[in-house]
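All values reported here derive from a predicted model rather than from experimental measurement. All values below come from the heavy atoms of this structure, side chains included, with hydrogens, waters and symmetry mates left out.
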Amino acid sequence: TYDSAAFVIHEPYYYDPDFANMGFWTRGGIKDCGDMTGTGNRVLYINGTLDGEYYGYHYFYVLGSAIDDKVDMFIGAFPDYGGCFNNIDTLTADGDQLGDVIMGLPEFFTPEDGVSRKLSVGTMWVLHGSKKIPVRLNNVTSTIATPNSISIFPNPVIDYNCKLDLSSIVPQDLEISLYDLLGRKVFSEFITTPFFRVSKPINTSGLSNGTYILEVKGKSIVQRLKLSVLK
């Protein structure tokens, strides 16, 4: 129920103030889009909005054994109130065995032509399921992420920068620490993995050549990775 939710899907700005004007459409709804990925995991749809409902967004979340609130696919922004509200339903659009959906955008305007444009003429979209939709699932039975759920690339580092892949991590507060082989902490930073974060740059310009241990700790993950620096 509203006051005792088992899980909350947060709007984008909850994790990143850069998305302060982006939220969920108050006239929208939640729809089950079926298996659009071919993996047996159903897809959840939520209508989004930007700049006071002037632009329409469309968010899709791949459900696994446990839901997270990181967007797996989105479409937008559609100008001129380009939201579908609750006008979305499943259909069979082809024979590829992947779920498809049809969307109506009733308030969509005709494009600006320099003279005039027709209001609320509407349009219709058919979205085909695709195996290119990213599927990142959580383990509902464990508080520790599965091995190799995060990674560093490139590794070894041959210049001054590498990136920590956080694309499979549920949004949360993380402590990122780097230790040398003697156990001395040479770097530490606290971050929050926001709505659209997929990687975190790690600056290695001040490190000597050698092997280090990168530790990532959060509410649902404790993982250590070996990092080699070769300059």
Side-chain angles (χ1 to χ4, degrees), residues 1-24 30 41 43-44 46 48-50 57 59-74 133-155 157 160-207 211-229:
T1 61
Y2 182 79
D3 61 352
S4 60
F7 185 83
V8 176
I9 299 179
H10 293 288
E11 296 174 303
Y13 71 84
Y14 181 86
Y15 296 107
D16 192 331
D18 288 342
F19 298 102
N21 294 319
M22 183 183 294
F24 295 147
I30 299 177
N41 299 287
V43 174
L44 192 71
I46 300 180
T49 180
L50 178 66
Y57 267 83
Y59 303 130
F60 296 83
Y61 302 81
V62 178
L63 307 181
S65 53
I67 189 175
D68 67 39
D69 58 351
K70 295 183 72 174
V71 171
D72 294 291
M73 178 177 67
F74 77 93
I133 300 173
V135 178
R136 306 184 180 100
L137 306 179
N138 299 323
N139 187 343
V140 70
T141 61
S142 176
T143 59
I144 304 298
T146 55
N148 301 318
S149 59
I150 60 176
S151 60
I152 306 173
F153 60 96
N155 189 14
V157 182
Y160 294 113
N161 288 283
C162 62
K163 291 184 178 181
L164 181 64
D165 183 2
L166 299 169
S167 59
S168 63
I169 303 302
V170 178
Q172 61 189 285
D173 293 331
L174 294 177
E175 180 182 7
I176 301 174
S177 303
L178 191 65
Y179 298 87
D180 63 19
L181 292 183
L182 297 178
R184 297 173 296 193
K185 183 181 292 188
V186 296
F187 170 85
S188 183
E189 181 179 1
F190 289 90
I191 68 168
T192 295
T193 54
F195 204 63
F196 291 110
R197 181 186 292 278
V198 294
S199 63
K200 162 66 178 173
I202 303 294
N203 188 349
T204 62
S205 60
L207 300 179
T211 300
Y212 299 83
I213 302 299
L214 184 72
E215 181 182 73
V216 178
K217 296 174 63 176
K219 181 179 180 180
S220 65
I221 182 172
V222 177
Q223 189 169 344
R224 297 173 181 84
L225 302 171
K226 183 182 294 185
L227 174 65
S228 298
V229 177

Would you find a donor on one side and an acceptor on the other, under 3.5 Å apart, between the side chain of Glu175 and the backbone of Lys217? no
When Leu227, Leu225, Ile191 are each screened for side chain to side chain contact (heavy atoms under 4.5 Å, CB included) with Leu164, the one that passes is Leu225
Just verifying a value: how many Å separate Glu215 CD and Gln223 CD, rounded to the nearest 0.5 Å? 10.5 Å
Minimal non-hydrogen separation, Val62 against Asp72, with atom names: N-OD2, 2.8 Å
Taking every non-hydrogen atom, the tightest pair across Gly218 and Leu174: CA-CD2, 3.8 Å
Distance in Å, Ile46 CD1 paired with Ile30 CD1, rounded so as to fall on 0.5 Å steps: 4.5 Å
Ile202 CD1 to Phe187 CZ distance, which is reported to the nearest 0.5 Å: 5.0 Å
Do Val43 and Met73 have side chains that approach each other closer than 4.5 Å (heavy atoms only, starting at C-beta)? no
Closest approach of Tyr212 and Leu178, non-hydrogen atoms and distance? CB-CD1, 3.8 Å
Shortest non-hydrogen separation from Cys162 to Pro154 and the atoms involved: CB-O, 3.8 Å
Passes side-chain contact (heavy atoms from CB on, under 4.5 Å), Val71 versus Tyr61? Steps please. CA-CA 5 Å; Val71 171; Tyr61 302 81; 3.8 Å; yes
How long is the gap from OH on Tyr59 to CD on Glu11, to the nearest 0.5 Å? 8.0 Å
Considering all heavy atoms, the nearest Ile152-Lys226 contact: CD1-O, 4.5 Å
Steps toward side-chain contact (heavy atoms from CB on, under 4.5 Å) verdict (Thr192, Asp173): CA-CA 4 Å; Thr192 295; Asp173 293 331; 2.6 Å; yes
Measure across Leu181 and Thr211 and return the closest heavy-atom pair with its distance rounded to 0.1 Å. CG-O, 3.4 Å
Check: Ser228 main-chain N/O paired with Asn155 side-chain donor or acceptor under 3.5 Å: yes
